[in-house]
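The next block holds one structure in the form of structure tokens; read it before the comments.
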Amino acid sequence: MQNGQCTDTAVTMQHPQRNIFHACMFQEPQSPPATLLQRRLYGTVGLSLLIGFYLLTGLTGHDPWRGDDIRYFGSVYSMLQNEGLLFPQLGGEPFLEYPPLYYWCAALLAFITSSVLAPHEGARLASAIFTALAVYWVARSAERLYGRPTRTPAALLTLGCLGLVLHSHETQPLLALMAMVALVLNGISRVPERPLMGSLQAGLGCALAMLAGGIPGMLLTAPLFAVAIIISPECRNHRASGSLLAGLTLAVCLGGIWPLLLHLQEPELFAVWRHAQWQQIAGGDVSINGLIRLLKLMGWFLWPLWPLALWSLWHERSRLFQLRWLLPLLATVFALIHLVFSSDRSQPVALPLLPAMALLAAGGITTLRRGAASAFDWFSAMTFGVFAILVWIAWSAQVFAWPTGLARHIARAAPEFALTGIFPKTLLGISICVLWFCLAWGAPRRPSRGATNWAMGMTMLWCLAVALLMQWFDHTRSYRAMGESLNKALAPYAGECFASGKLSTSIRSMLDYYVGQRPLPVQDGFASPCRLLLIYTDHRGKKPDELEGKEPAWSFQRGSRKQFEALYLYTRPHHE
């Protein structure tokens, strides 16, 4: 259909009246022809720029932050020191959470960019690359499964997922697994047209999923080969089935190389890693409360994918055994089963769900009723308009001490914080909002307009938060001040060791990166050969019983309430 007219002449020649009605009834009314500027802004060029702004804004220009950002950077930093090249380490100890694919890429990028970027900034480029690859492979899969009109909405919906925005701008190994899941889906979607190439691509993705996420990564991707062979009608022919078996064989052979090398080089470490993997797979909380918490996480983390995915499944309920619906649906089911039984219930563990959910959502975006599409469009504009206002209110509390309640909270949480560069940041924030408003207003009116405005709104909100609030977040979540203060406290004891009890992974990474020293472990009763003792706590006023009544030689506290952390340095005679 072009400009409201049907063009299916082959159909209309046989049954003019009936077939013209049938051909036109299920097609959306087309908007007026887009201008050249609109085709550039809202086409491939504009989408590429949007993805670039989204991924690169806030990726550099700040220290490693508390949480995943610094704890996973610790393994990257160890590799930069030529440690843990085969198996990730953190502060000289094995780090069992994920295999080394992400850390290898992050360390390589940090090394390449070392002349222009700090190591932690260069390492975060791996997050941008893996996220961009996931968006690209999801878009290509949507094009093959549902047609060309769904390619751009698939990329936009993936980009606009609420759970992705923070993790795509930190050091996060699960982004590599998310990208490999997208690669497997893209490969299997090619099988009906190019069986061998699609199967080999999927096999490579499955092997890399093993290297990115371990045994869970293999369990998330390998069963999709069997699904395509056994259930999908498009893959039941001899050529497709044989190619898929070849791809699965490739996945098993390549995926087993790293565990085999680890077993040959470090058999004890391999046994510990294998045990930790199975504990992660089947050590989760499957109680009612655990499932409720998981549902709450999925509710906001996967927004707005899950409502659109449910609509797609309902609208196509009679065709769910076709590969285009069966593949992402069962990929979602496998990922949900893993989440239910996994011992890890943190937010990033849901990242491997995004590619399959984005495909399901993209498959239904073009079939939305006109009222639902308009409601999604309106909701996108209103939601990010309100959030932008909230960001400006937070900025106002820092600059003008208004609202007074929020200003008091900021002063209490970080009494030493002082905002600088107010005028250029304000000008940049205004420019971001004006540009977003103009682009949202001028978006072409088509069924995917809501997805377009949602992704642009998410990008606007992230860029605005970085422009106005990044300095505040960096002050409150960075460990640089703590590390520099501890360095000064340790200066009089140069050459001496220090011991410590249980430290969080974030603190261990901070000590390795900012202080350049690693504490020795202590025994029961805090016995150690070191005169210096470093104590960490995340509860205000809480000290070990052995240290009650003793005053620390140095202390540093940061954060408040749930974000509270403190380090205490004690000195003692050698005979204690």
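Positions are given from 1 along the sequence.
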Side chain Ser342, main chain Leu339, donor-acceptor under 3.5 Å
no

How are the rings of Trp454 and Phe384 set to each other: parallel, tilted or perpendicular (split at 30° and 60°)?
perpendicular

What's the verdict on side chain to side chain contact (heavy atoms under 4.5 Å, CB included) for Leu329 and Trp325, showing C-alpha distance, side-chain angles and the deciding distance?
CA-CA 6 Å; Leu329 175 59; Trp325 300 111; 5.7 Å; no

Locate the shortest heavy-atom distance separating Pro223 from Met218; write the atom from each residue and the value.
CD-O, 3.8 Å

In sequence, state the C-alpha distance, the side-chain angles, and the governing distance for Phe111 and Leu80, and then conclude on side chain to side chain contact (heavy atoms under 4.5 Å, CB included).
CA-CA 7 Å; Phe111 176 76; Leu80 292 173; 4.3 Å; yes

Atom pair CG/CH2 of Leu406 and Trp395 - distance to nearest 0.5 Å:
13.0 Å

Decide yes or no for His120 and Thr171: does some side-chain heavy atom of the first lie under 4.5 Å from some side-chain heavy atom of the second?
no

Nearest heavy-atom contact between Leu177 and Gly217 is CD1-CA, 3.7 Å

Do Ser380 and Asn453 get their side chains close enough for a donor-acceptor pair, meaning under 3.5 Å?
no

Roughly how far, to the nearest 0.5 Å, is the CG atom of Leu302 from the CG atom of Leu164?
10.5 Å

Heavy-atom check, side chain of Thr221 versus side chain of Val181, under 4.5 Å:
yes

Between Arg449 (side chain) and Asp377 (backbone), is there a donor-acceptor pair under 3.5 Å?
no

Say whether, by atom type as modelled, one donor and one acceptor occur between the side chain of Arg477 and the main chain of Arg66 under 3.5 angstrom.
yes

Would you say CH2 of Trp378 has more than 12 non-hydrogen atoms from neighbouring residues, nucleotides or ligands within 6.0 angstrom?
no

Quick one: do Arg124 and Glu121 make a salt bridge, cutoff under 4.0 Å?
no

Would you say that Cys105 contacts Ile129 through its side chain, given a criterion of any heavy-atom pair below 4.5 Å between the two side chains?
no

Apply salt bridge (charged side-chain N to carboxylate O under 4.0 Å, His left out) to the pair Arg480 and Asp474, showing each step before the final yes or no.
CA-CA 10 Å; Arg480 181 179 294 274; Asp474 197 28; over 6 Å; no

From CA spacing to verdict: side-chain hydrogen bond (donor to acceptor under 3.5 Å, both in side chains), Tyr102, Ser127:
CA-CA 8 Å; Tyr102 180 90; Ser127 296; 2.6 Å; yes

The complete set of ring-ring contact (aromatic ring centres under 6.0 Å, His included) pairs with one or both residues in residues 152-204, sequence neighbours excluded, reads Tyr54-His169, His169-Trp462

Taking C-beta and beyond as the side chain, do Arg324 and Glu316 meet within less than 4.5 Å on heavy atoms?
yes

Taking Trp306 for the side chain and Met357 for the main chain, is one N or O donor matched with an acceptor at less than 3.5 Å?
no

Distance from Arg144 atom CZ to Arg190 atom CZ, nearest 0.5 Å?
5.0 Å

Can you tell me how far apart OG (Ser232) and CZ (Phe321) are? Round to the nearest 0.5 Å.
11.0 Å

Test Ser48 against every option in Thr44, Leu50, Ile51 by the side-chain contact (heavy atoms from CB on, under 4.5 Å) rule and name the one that passes.
Thr44

When rounded to the nearest 0.5 angstrom, what is the spacing between CG in Leu109 and CG in Leu117?
10.0 Å

Where do Gln398 and Ile410 come nearest, in terms of heavy atoms and distance?
CG-CD1, 3.8 Å

So, do Glu97 and Ser75 sit near enough that their side-chain heavy atoms are less than 4.5 Å apart?
no

Could you tell me whether Trp314 and Trp311 have their ring centroids closer than 6.0 angstrom?
no

Parallel, tilted or perpendicular: ring planes of Trp441 versus Phe437, cut at 30 and 60 degrees
parallel

Note: Leu101 and Ala176 closest approach over all heavy atoms is CD2-CB, 4.4 Å

With a 4.5 Å cut-off on side-chain heavy atoms, are Met458 and Val165 touching?
yes

Do Leu244 and Cys235 have side-chain heavy atoms sitting under 4.5 Å apart?
yes

Would Val227 and Leu327 count as a side chain to side chain contact (heavy atoms under 4.5 Å, CB included) here? Give the steps.
CA-CA 8 Å; Val227 167; Leu327 178 62; 5.9 Å; no

So, for Cys206 and Val184, which heavy atoms are closest and what is the spacing to 0.1 Å?
N-CG2, 3.4 Å

Apply side chain to side chain contact (heavy atoms under 4.5 Å, CB included) to the pair Leu464 and Trp436, showing each step before the final yes or no.
CA-CA 10 Å; Leu464 183 65; Trp436 165 72; over 6 Å; no

Would you check if the side chain of Thr150 reaches a backbone N or O of Ala142 as a donor-acceptor pair within less than 3.5 Å?
yes

Just so I know, are the side chains of Ile337 and Leu219 near enough to count as touching, which here means a heavy-atom distance under 4.5 Å?
no

Is a side-chain N or O of Ser312 found less than 3.5 angstrom from the main chain of Gly363, in a donor-acceptor match?
no

Point-to-point distance, once rounded to the nearest 0.5 Å, from CH2 of Trp300 to CG of Leu162
7.5 Å

Can you classify the ring geometry of Phe73 versus Tyr513 as parallel (below 30°), tilted (30 to 60°) or perpendicular (above 60°)?
perpendicular

Report the relative orientation of the aromatic rings in Tyr103 and Tyr72; use parallel for angles under 30°, tilted for 30 to 60°, perpendicular for over 60°.
tilted

Could you tell me how the ring of Phe417 sits relative to the ring of His475: parallel (under 30°), tilted (30 to 60°) or perpendicular (over 60°)?
tilted

Kindly say whether Pro192 contributes a backbone atom to a donor-acceptor pair with the side chain of Glu234 at under 3.5 angstrom?
no

Heavy-atom pair of closest approach, residues Ser141 and Asn186
OG-CA, 2.9 Å

Counting only heavy atoms not in Arg194 (residues, nucleotides, ligands), do more than 12 fall under 6.0 Å from its CZ?
no

The single option from Leu354, Leu55, Thr158 that satisfies side-chain contact (heavy atoms from CB on, under 4.5 Å) with Thr131 is Leu55

Taking the side chain from Ser199 and the backbone from Ser243, do they hold a donor-acceptor pair closer than 3.5 Å?
yes

Would you say the side-chain atoms of Asp344 and Ser346 include a donor-acceptor pair closer than 3.5 Å?
yes

